[in-house]
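Right, one structure below, let's go through it.
On a predicted model such as this, the values are computed, not experimentally measured, just so you know. A, B, ... follow the sequence lines: proteins, then strands. Residue 1 opens every chain. Heavy-atom basis, side chains included; hydrogens, waters and symmetry copies ignored.
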Number of protein chains: 4
Amino acid sequence: MTESKLRELYEQNLRQMDNLTEKQQNILKAALSLFAEQGFDATSSSQIAKRAGVAVGSVYQHFHNKRELLMAVLTPLTKSVFSQAADQFIDKTLDKDYNSLEQFIRALVADRMLFISNNREEFKIMLGQLLSDNQLGPELNHAFNEQPKTTAFPIIDRLKKKKLIIDYPNDVIVQFVFGPLVTFFGKIILAIKPMPIDQEINYAVGLIVNGLTPRSN
Amino acid sequence: MTESKLRELYEQNLRQMDNLTEKQQNILKAALSLFAEQGFDATSSSQIAKRAGVAVGSVYQHFHNKRELLMAVLTPLTKSVFSQAADQFIDKTLDKDYNSLEQFIRALVADRMLFISNNREEFKIMLGQLLSDNQLGPELNHAFNEQPKTTAFPIIDRLKKKKLIIDYPNDVIVQFVFGPLVTFFGKIILAIKPMPIDQEINYAVGLIVNGLTPRSN
Amino acid sequence: MTESKLRELYEQNLRQMDNLTEKQQNILKAALSLFAEQGFDATSSSQIAKRAGVAVGSVYQHFHNKRELLMAVLTPLTKSVFSQAADQFIDKTLDKDYNSLEQFIRALVADRMLFISNNREEFKIMLGQLLSDNQLGPELNHAFNEQPKTTAFPIIDRLKKKKLIIDYPNDVIVQFVFGPLVTFFGKIILAIKPMPIDQEINYAVGLIVNGLTPRSN
Amino acid sequence: MTESKLRELYEQNLRQMDNLTEKQQNILKAALSLFAEQGFDATSSSQIAKRAGVAVGSVYQHFHNKRELLMAVLTPLTKSVFSQAADQFIDKTLDKDYNSLEQFIRALVADRMLFISNNREEFKIMLGQLLSDNQLGPELNHAFNEQPKTTAFPIIDRLKKKKLIIDYPNDVIVQFVFGPLVTFFGKIILAIKPMPIDQEINYAVGLIVNGLTPRSN
DNA sequence: GATGAATGAGATTTCATTCAT
DNA sequence: AATGAATGAAATCTCATTCAT
């Protein structure tokens, strides 16, 4: 299971910002929670300062403006974690010669669902920015468009050869697998009834696998 | 196809706000587009006024503050359209005695996807609010939790009896069907590569149906 | 005497900014005096607002930032007045066929000294900016380098032909004539003992003329 | 030539501030150049620290606030150098029994022009302060009003007796001699086309002398 | 002495909202 | 109803200065 690794990676990323004082760390944490609660625009510098227990000026000591602070909050998610995790995923999970579709789907869904669950606050912030910021969208297109080509596509192709997966375009398949993940995220955002994550995974895997498995006739 | 009805309903709702001058209508339209483009907080009254081609003061003539304007933008979507459309959906679409799973899924997916596509701007605004406003979430719980119980659940139950659908909990099934819809909406938000909506519908329907169809063995 | 014209031109320029409310005019006046007294950087928006008798926000209603306000204060001096006055000067003063050197010098010195005297505040501000702003300098080079070529130089050439003026390079002569004017301005800046302006003019003209008159031997 | 002496005096003055570390000297130099480039107000402590290659705190180790730093920059110019140089000037230059007007003027103009040229940065700063500080002006009045009375006036009187100089009031003559010097300084401020300083001196001397020489008739 | 993170007062600027015309 | 100048509260950000290390 790669999940523990993810947490580790995240923590590691935070520690990499090691030029940060304890107070600056507090500012980062305060900003993270406030951005998630109220959104970026609705959060004022003085609010952040108050929650972090520092003076307003201190917010601007290390992070030279609010946007930079936002980026500092999102970076561990987008940059490092995203790609590193993805790389890890290739190495440790996807790169095995999957014989069964289910093994593949289960690994992927579990990994990503835990990732979403563990980073829900950051994801909320990112989504919020995506809605207003017209710059972030294109940046993420890569992650969602290009990454699968080198990671998931080869595996899908292999499964296709073995007739273990339905013959739909690769991107359509990927998009379909993402469905339950995105819905899961949606539920988190809407604070909708929590279902034990194992159950959530099991149901999702069951339905996705069924959906992707070719009918014999 | 219910889509045209939706538009009609929306327009009708706008016309119901009939105490509105033409200028006020322009203000509403300007606010709608700006909120969708930049988010609520990042949109200023004077921007709205400029795009509407009126004076700033006029923005406050009918809508007494910015928040009221936001509500006026969202109301036709949430209140009227949502419920009315839902009712319509029951009457016209779901309430038939579906014999085939595919008929049911296709009707539902097509309808909702067009609904999302036609109201993308409003949905973007609403999502934006959902992320910051901690009040809207619970309200929508009803729509997503309770409504299906009286609309989709009976149909699913009927399909289950005929062994035309997999024997998963009803809410899990509903959630699964929503997957591609939510993903579709996500793509709109991220402004990701447009695929002809018919194709999008066909692929989604194919996969969902396959996923929900019981295996013979 | 062109002096009255200058004042007229200046006032006219101010009136051309006619989109200005009375309050905005007050802001302009307040800014002018405060910039002259304390310098641009040392003057705060709230100081301007207070002296103008308006709210802080009103300072930014018409002039969108402090620099724009500075420009609004300096523009009538640099742009319009400078060039217009210069044009007028050509037409009305320099363009006569001066036979005597003294006539020429007296006209020029009197005109410029009154110009300086009448616009001392604006000149102080401009000089202050010149010292810090690295953009204004080059702009003024034109005025000081190019303008004389089309205005004063032809007259000097004519005087040279008639042996009425010493045979020094034209720009050296112009620079020399400017000496007493610049000194006069320096005295105003330093708030040094005022001498009746007529006397100031007479002495300056006497010495300049003597300096420029060729010795017979 | 007294110029070298001036530099020496200046350096000597700096050395007199001998409680200064090398770092503190760097701070002084950094402040000098930055104040000259951008003006006092527009220069921040951290900028000074950066250019001096020290920490912000070090700026305040010796100079207890920014104004004190400004004074430390200006003092060697105003206090020591100014008066000392003036004294030197009396001793070494003016106190000779000048027979020719030109000798006198040439000595004075050359000396002052080099002085200005060598201390242009300090002069820029001083002028900048003069424009905003309403206290420095009066202080300088002495230098410009009283000093000549004991230095230049006696020499002028002697020249008048010998009919070697025009019979204008002494202060008018002094002011006239200063004209080209002030203009020269103005050109430095405006960064206007540089002319070789020897030429600048020669032309100025020629014109001033001609201007001050009585006509035979 | 030197450092630089922390401070908080204050500056600039924005903007929802009011109100006289 | 419509206008847009005026308002002032609040937000972002800067910076001189302090102080613990």
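- If you measure from atom NZ of C:Lys50 to atom P of E:dG10, you get 12 Å, rounded to the nearest angstrom.
- Among the atoms of the strands shown, base atoms are found under 4.0 Å from some heavy atom of C:Ser58.
- Side-chain nitrogen and oxygen atoms of D:Gln24 include none within less than 4.0 Å of the OP1 or OP2 phosphate oxygen of E:dG1.
- An OP1 or OP2 oxygen of F:dC15 is reached within less than 4.0 angstrom by no side-chain nitrogen or oxygen of D:Ser46.
- The distance between atom CD1 of B:Ile48 and atom C1' of F:dG4, rounded to the nearest whole Å, is 16 Å.
- Distance CD1 (B:Ile27) to P (F:dG4): 13 Å, rounded to an integer number of Å.
- Here A:Val54 lies in heavy-atom contact (under 4.0 Å) with sugar-phosphate atoms only.
- Side-chain N/O atoms of C:Thr21 include none lying less than 4.0 angstrom from OP1 or OP2 on F:dA5.
- Using a 4.0 Å cut-off, some side-chain N or O of D:Gln61 falls inside it from OP1 or OP2 of E:dG1.
- Rounded to a whole Å, the CG atom of C:Leu69 is 13 Å from the C1' atom of E:dT13.
- A donor-acceptor pair under 3.5 Å is absent between the side-chain atoms of D:His62 and the main chain of D:Tyr60, judged by distance alone.
- Between C:Asn65 atom CG and E:dA11 atom C1' there is a gap of 14 Å when expressed in whole angstrom units.
- Remark: A:Lys23 is not in phosphate contact with E:dA6, judged by side-chain N or O atoms under 4.0 Å from OP1 or OP2.
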